[in-house]
There are 2 protein chains.
Amino acid sequence: MSNGVTERTVSERLQGHGIQASAQRVAVAEYALRTTDHPSADVVWAKVRESFPFLSRATVYNTLNLFVAKGLLRPLVIAEGRVVFDPNVEPHHHFVDEETGEIHDVPWDAVAIRSIEPPRDFELRDYQVIMRGSRRGRPARARPRGSSRSSVK
Amino acid sequence: MSNGVTERTVSERLQGHGIQASAQRVAVAEYALRTTDHPSADVVWAKVRESFPFLSRATVYNTLNLFVAKGLLRPLVIAEGRVVFDPNVEPHHHFVDEETGEIHDVPWDAVAIRSIEPPRDFELRDYQVIMRGSRRGRPARARPRGSSRSSVK
DNA sequence: GTCTCGATCTAGACTATGTCTAATGGTGTG
DNA sequence: CACACCATTAGACATAGTCTAGATCGAGAC
Ligand SMILES: [Mn+2]
Ligand SMILES: [Mn+2]
Ligand SMILES: [Zn+2]
Ligand SMILES: [Zn+2]
């Protein structure tokens with residue numbers, strides 16, 4: 001995207017980040033580096049297996065963690081009980097739809113921050129705004145899918 | 001804090017929020033509603049058992065979820081693999097020390113936001129800034145405790 | 001083309017967080 | 001005391017993620 005010459009194919013992109021390409025890694029990359037969703041590891045496994053059945057769960061986890069270590073993906077801890085992966089590694093914010101659990105990207109410029117003060121003695125490495133809400137016109141009833149914390153009757 | 005008359009004891013505070021008091025619930029509340037940490041359920045279990053040994057794991061989870069439902073606690077999904085509970089239910093931000101995994105409160109006024117624009121068609125219910133970094137003077141080496149995502153050798 | 005060895009892939013065991021179920025225990029009312 | 005109701009409990013269960021030990025692959029040396 002940002003450079004028209006290098007990193008044209010997924011394979012080249014992996015090599016450009018010091019990753020030895022392989023059939024499994026390319027298959028995972030094809031989905032995980034292109035999606036605009038924020039899929040969990042098991043979602044990636046399910047999606048990729050549709051077109052590439054010879055792929056173990058362990059390899060998906062290994063590969064995603066490798067991509068994170070090499071800066072191709074960013075792990076997000078936002079939704080309960082699972083890490084999701086974000087192929088957009090540039091600074092941006094997130095909006096969580098509390099109805100569906102879906103995570104939407106919010107451009108960095110959608111939030112104008114005048115000043116930000118970390119706690120004394122702490123060094124701010126990065127930050128983002130987590131917004132929560134739902135689609136307009138819906139009153140927010142049920143909990144986000146997959147959550148269901150306890151009965152509390 | 002905010003009101004000097006009602007809700008003086010923990011027991012009264014529970015009743016004021018429509019919660020039937022009990023020995024276990026008071027014991028959990030005594031710790032979980034007063035702490036300035038952001039403990040996970042199992043941390044709460046360990047801490048409370050020090051002074052109140054007759055407490056099952058299930059009751060801790062039930063109680064914390066009840067407190068959340070009644071607005072005494074807020075669940076935070078920030079650190080990997082576990083939900084933590086925040087007795088400060090007023091709007092504020094959080095700073096995650098990536099060295100230790102500790103979560104620190106950041107006052108609402110420490111961030112001055114000029115404008116914030118949720119995605120089109122979405123209604124913003126609430127938001128907060130998640131900051132990440134570490135104590136001044138440390139170069140940020142090891143991953144936060146309890147994390148340790150994969151080897152990637 | 002064959003060999004070799006490190007890298008990659010894999011099934012399945014294992015750990016940890018959280019939920020659920022079914023049984024038990026306590027408390028107040030009549 | 002009998003009854004209803006709710007809280008508590010142990011342990012089973014579900015799920016996310018890690019780890020291990022062995023099988024397989026493949027890039028480079030010959
Ligand atoms: Mn790149
Ligand atoms: Mn209160
Ligand atoms: Zn994103
Ligand atoms: Zn807090």
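Just so it is clear, the structure is predicted and the values come from calculations on it, not from any experiment. In what follows, chains carry the letters A, B, and so on, assigned in the order in which the sequence lines appear, proteins first and then strands, with residues in each chain numbered from 1.
- Taking the side chain as every heavy atom from C-beta outward, B/F85 and B/V83 approach each other to under 4.5 Å.
- Counting to the nearest Å, the C1' atom of C/dT17 and the CZ atom of B/F85 are 11 Å from each other.
- The side chain of B/Y61 contributes no N or O atom lying less than 4.0 Å from OP1 or OP2 of C/dT19.
- Axis angle, first five pairs versus last five pairs of the helix from C/dG1-D/dC30 to C/dG30-D/dC1: 10°, rounded to 10°.
- Distances shown here put every side-chain N or O of A/Q20 at or beyond 4.0 Å from the OP1 or OP2 atom of D/dC25.
- Per the geometry, CD belonging to A/Q24 stands 17 Å off P belonging to C/dA7, to the nearest Å.
- Pairs engaging residues 18-30 of chain A under the side chain to side chain donor-acceptor pair (under 3.5 Å) rule: A/E30-A/R34 [sequence neighbours left out].
- Protein atom CD1 of B/I78 is 17 Å distant from nucleotide atom C1' of C/dT17, rounded to whole Å.
- Protein atom CG of B/L66 is 17 Å distant from nucleotide atom C1' of C/dG18, rounded to whole Å.
- Applying the salt bridge (charged side-chain N to carboxylate O under 4.0 Å, His left out) criterion to A/R57, with sequence neighbours excluded, gives A/D42.
- To the nearest 0.5 Å, atom NE2 of residue A/H104 and atom CG of residue A/D37 are 9.0 Å apart.
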Show which side-chain atoms of residues 106-121 of chain A pair as donor or acceptor with protein atoms under 3.5 Å away, not counting sequence neighbours.
none

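- In this entry the distance linking CG of A/N62 with C1' of D/dA16 reads 15 Å, nearest Å.
- Close to D/dT18, at under 4.0 Å from its OP1 or OP2, lies a side-chain N or O of A/N65.
- The CG atom of B/D42 sits 13 Å away from the C1' atom of C/dT19 (whole-angstrom rounding).
- With A/T63 contributing its side chain and A/T59 its backbone, the two residues share a donor-acceptor pair below 3.5 Å.
- Distances shown here put a side-chain N or O of B/R25 below 4.0 Å from the OP1 or OP2 atom of D/dA7.
- Contact detail for A/L33 and A/L72: the closest heavy-atom pair is CD2-O, 3.8 Å.
- Following rounding to the nearest Å, A/I19 (CD1) and C/dC9 (P) show an atom-to-atom distance of 11 Å.
- When rounded to the nearest whole Å, the span between CH2 of A/W45 and P of D/dT15 equals 13 Å.
- Listed by residue number, the members of residues 50-58 of chain B with any heavy atom below 4.0 angstrom from DNA chain D are B/F54, B/L55, B/S56, B/A58.
- For D/dT8, the OP1/OP2 oxygens have a side-chain nitrogen or oxygen of B/S22 closer than 4.0 Å.
- A salt bridge links A/E98 with B/R125: the closest approach of a Lys/Arg side-chain nitrogen to an acidic carboxylate oxygen falls below 4.0 angstrom.
- Nearest to the side chain of A/T59, among C/dT10, C/dG18, D/dG17, sits C/dT10.
- For the ring pair (Phe, Tyr, Trp, His ring centres under 6.0 Å) test, residues two or more places apart in sequence or in another chain that qualify with A/H38 are A/H94.
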